[in-house]
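These notes concern the structure reproduced below.
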Amino acid sequence: MSDYRVGILGATGAVGQKFIRLLEGHPWFNITSLGASSRSAGKTYREAANWIEATAMPESVSGLTVKECEPGQFPDVDFVFSGLDSSVAGKVERAFAEAGIPVISNAKNFRTDPTVPLLIPEVNPDHIDLIKSQSFTEDGSGWIITNPNCVAVPLTTSLKPLFDEYGVESVILTSMQAISGAGYPGVPSLDILGNVVPLISDEEPKIHAEPLKLLGNLEDGKLTHADFPVQATATRVPVINGHMLAVTVGLKKKPGSAEEVKELYRNWKSPIADLDLPSAPEYPIFYHDDERYPQPRMHADAEKGMRTSVGRMRSSNVLDLSYVAMAHNTVRGAAGGAILNAELLVRKKYL
Ligand code: NAP
């Protein structure tokens with residue numbers, strides 16, 4: 001199981017650095033190659049990266065020479081993680097898949113491709129079989145999987161028990177998104193300090209569409225998306241890590257009470273609970289009985305940032321239920337989610 005050789009594309013960026021930090025000491029995956037733009041290629045990682053993680057740069061990578069993101073430069077990897085900027089991710093990830101190198105991506109470019117799994121292991125682990133319908137290589141050795149937008153992760157994870165038990169009719173939410181979600185240097189400090197910015201460009205369409213693919217039904221190799229409207233207002237708030245969502249949901253079958261729904265969350269069992277994946281949290285959904293919680297500063301790092309925290313479940317005056325959900329955007333919503341995807345792919349023998 002151990003000793004997979006792993007490359008990281010976009011290694012110098014905010015998500016790339018999070019990959020490096022989370023993979024330090026990983027029991028299965030060893031980083032052997034790093035890639036970034038031609039601005040960084042040829043330099044050592046220490047020289048190329050403006051390291052923004054709160055722990056020291058691991059020595060195992062600091063001396064590696066950063067490469068151009070071309071498959072020929074990565075002969076020594078079993079697969080790559082991609083934290084590439086979306087302006088280049090489409091072209092580069094396709095080139096790697098066509099060269100027979102599996103790509104586990106954070107970028108948005110392939111998320112809507114009908115043959116590419118958009119994956120949250122605790123929500124739709126069966127969707128990885130979509131890989132079989134990809135045609136990047138004749139022998140199936142090269143393929144792409146993606147993880148969702150960082151709001152879609154806590155939104156869909158928290159909807160999953162409701163979707164299965166009651167059916168979802170409609171969703172309205174406001175996201176309060178942390179500044180680390182904008183990469184580095186991100187939002188200018190004069191825009192965000194003591195302020196709320198009521199627009200995150202290009203964000204709401206992803207929040208509207210991705211839960212429907214994630215909650216879709218895969219049968220005979222064909223994915224049918226879930227069908228309900230989602231209305232999101234995406235805002236940026238002066239929080240460093242942890243996207244908070246205020247969600248109101250309409251359900252097909254009506255729950256008896258908010259208390260019944262809390263019980264549903266408390267008793268919910270993740271479909272990957274028995275697979276013993278190194279990065280899987282014990283409680284992928286944690287329901288907070290204390291009505292003051294969850295809060296990003298207190299709970300974003302719970303279970304190494306891999307948990308979706310839920311609280312304030314109550315009946316809604318407009319639809320059926322209102323609640324809040326929160327998850328660490330660069331861990332669960334990006335690099336940590338991608339690493340868990342890779343662990344599931346190992347267990348399911350795709351890697
Ligand atoms: P970032 O800090 O701007 O990093 C972008 C990375 O892409 C850098 O390593 C950069 O290398 C590389 N790059 C840029 N242009 C390139 C080119 N022409 N060829 C090769 N490499 C190139 O961005 P980020 O915040 O880490 O986000 C990375 C991706 O993850 C994006 O697609 C983003 O939408 C997605 N994502 C981010 C978050 C989040 O919370 N931040 C969450 C989920 C998904 P250089 O340093 O050499 O320029």
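Here the structure is a predicted model, which means the values were calculated and not measured. These values consider heavy atoms only, across backbone and side chains, with no hydrogens, waters or symmetry-generated copies. Ligands are counted one by one from 1 in listed order, and the atoms in each one are counted from 1 as well.
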Kindly give the heavy-atom pair with the smallest separation between Ser158 and Pro161, and that separation in Å.
-> O-CD, 3.5 Å
Between Ser105 and Asn147, do the side chains contain an N or O donor and an N or O acceptor separated by less than 3.5 Å?
-> no
Does any donor atom in the side chain of Gln177 or Glu203 lie under 3.5 Å from an acceptor atom in the other side chain?
-> yes
For atom 11 (O) of ligand 1, closest protein heavy-atom neighbour | Thr12 OG1, 3.2 Å
Would you call Gly83 a ligand 1 contact, heavy-atom distance under 4.0 Å?
-> yes
Hey, does Leu84 come in under 3.5 Å of ligand 1, counting only N/O atoms on both sides?
-> yes
Among non-hydrogen protein atoms, atom 39 (C) of ligand 1 lies closest to Gly181 O, 3.6 Å
Salt-bridge criterion met for Arg236 and Asp191 (N-O under 4.0 Å) = no
Over all heavy atoms of both residues, which pair between Thr12 and Gln17 is shortest? Give the atoms and the distance, please.
-> O-NE2, 3.0 Å
Ligand 1 atoms in contact with Ser86 (distance to a heavy atom under 4.0 Å) | 32 (O)
Closest non-hydrogen atoms of Cys150 and Asn329, given as atom of the first, atom of the second and distance, are CB-O, 3.8 Å
For ligand 1, which atoms, with element, lie under 4.0 Å from some heavy atom of Ser180?
-> 40 (O), 41 (N)
Just how far is it from atom CG of Leu212 to atom OG1 of Thr224, taken to the nearest 0.5 Å?
-> 12.5 Å
If you measure from each non-hydrogen atom of Ser87 to ligand 1, which part falls under 4.0 Å: side chain, backbone, both or neither?
-> neither
Polar-atom distance check: Ala182 versus ligand 1, any N or O pair below 3.5 Å?
-> no
Nearest protein heavy-atom contact for atom 43 (C) of ligand 1: which residue, which atom, what distance?
-> Gly333 O, 3.4 Å
Does atom 25 (O) of ligand 1 have a protein non-hydrogen atom under 4.0 Å from it?
-> yes
For Ser40, the atoms of ligand 1 under 4.0 Å from one of its heavy atoms are 45 (P), 46 (O), 47 (O)
Heavy atoms only: which of Ala14, Ala335, Gly183 is nearest to atom 2 (O) of ligand 1?
-> Ala14
Are any non-hydrogen protein atoms located under 4.0 Å from atom 45 (P) of ligand 1?
-> yes
Nearest heavy-atom approach of Pro125 to Ile272 is CB-CG2, 4.2 Å
Going through the checks in order, is the side-chain contact (heavy atoms from CB on, under 4.5 Å) test met by Thr248 and Ser322?
-> CA-CA 4 Å; Thr248 293; Ser322 289; 2.8 Å; yes
Shortest protein heavy-atom distance from atom 42 (C) of ligand 1, along with the residue and atom involved = Ala334 CB, 3.6 Å
Is it true that the side chains of Ser279 and Glu343 contain a donor and an acceptor less than 3.5 Å apart?
-> yes
What atoms of ligand 1 come within less than 4.0 Å of a heavy atom belonging to Ala36?
-> 11 (O), 20 (C), 21 (N), 47 (O)
Heavy-atom nearest neighbour in the protein, as seen from atom 38 (C) of ligand 1, with distance rounded to 0.1 Å | Val15 CG2, 3.7 Å
Quiz item: cation-pi between Arg307 and Tyr283, 6.0 Å / 45° | no
min-distance protein heavy atom vs atom 7 (O) of ligand 1 -> Asp85 N, 3.3 Å
Within 45° of the ring axis of Tyr166 and under 6.0 Å from its six-membered ring centre, is that where the NZ or CZ of Lys254 lies?
-> no
Protein contact of atom 35 (C) of ligand 1 - nearest heavy atom, named by residue and atom, plus distance = Asn106 O, 3.8 Å
Near Ala107, which atoms of ligand 1 are under 4.0 Å from a heavy atom of that residue?
-> 32 (O)
Looking at atom 33 (C) of ligand 1, is any protein heavy atom nearer than 4.0 Å to it?
-> no
Heavy-atom proximity to atom 13 (N) of ligand 1 ranks first, among Ser37, Gly10, Cys69, for Ser37
Phe81 and its ring pair (Phe, Tyr, Trp, His ring centres under 6.0 Å) partner, picked from Phe19, Phe74, Phe96 = Phe19
When distances are taken from atom 15 (N) of ligand 1, the protein heavy atom at minimum range is Arg39 NH2, 3.6 Å
Side chain, backbone, both or neither: the part of Val88 lying under 4.0 Å from ligand 1 by heavy atom = side chain
Once the angle between the rings of His299 and His288 is folded into 0 to 90°, is it parallel (under 30°), tilted (30 to 60°) or perpendicular (over 60°)?
-> tilted
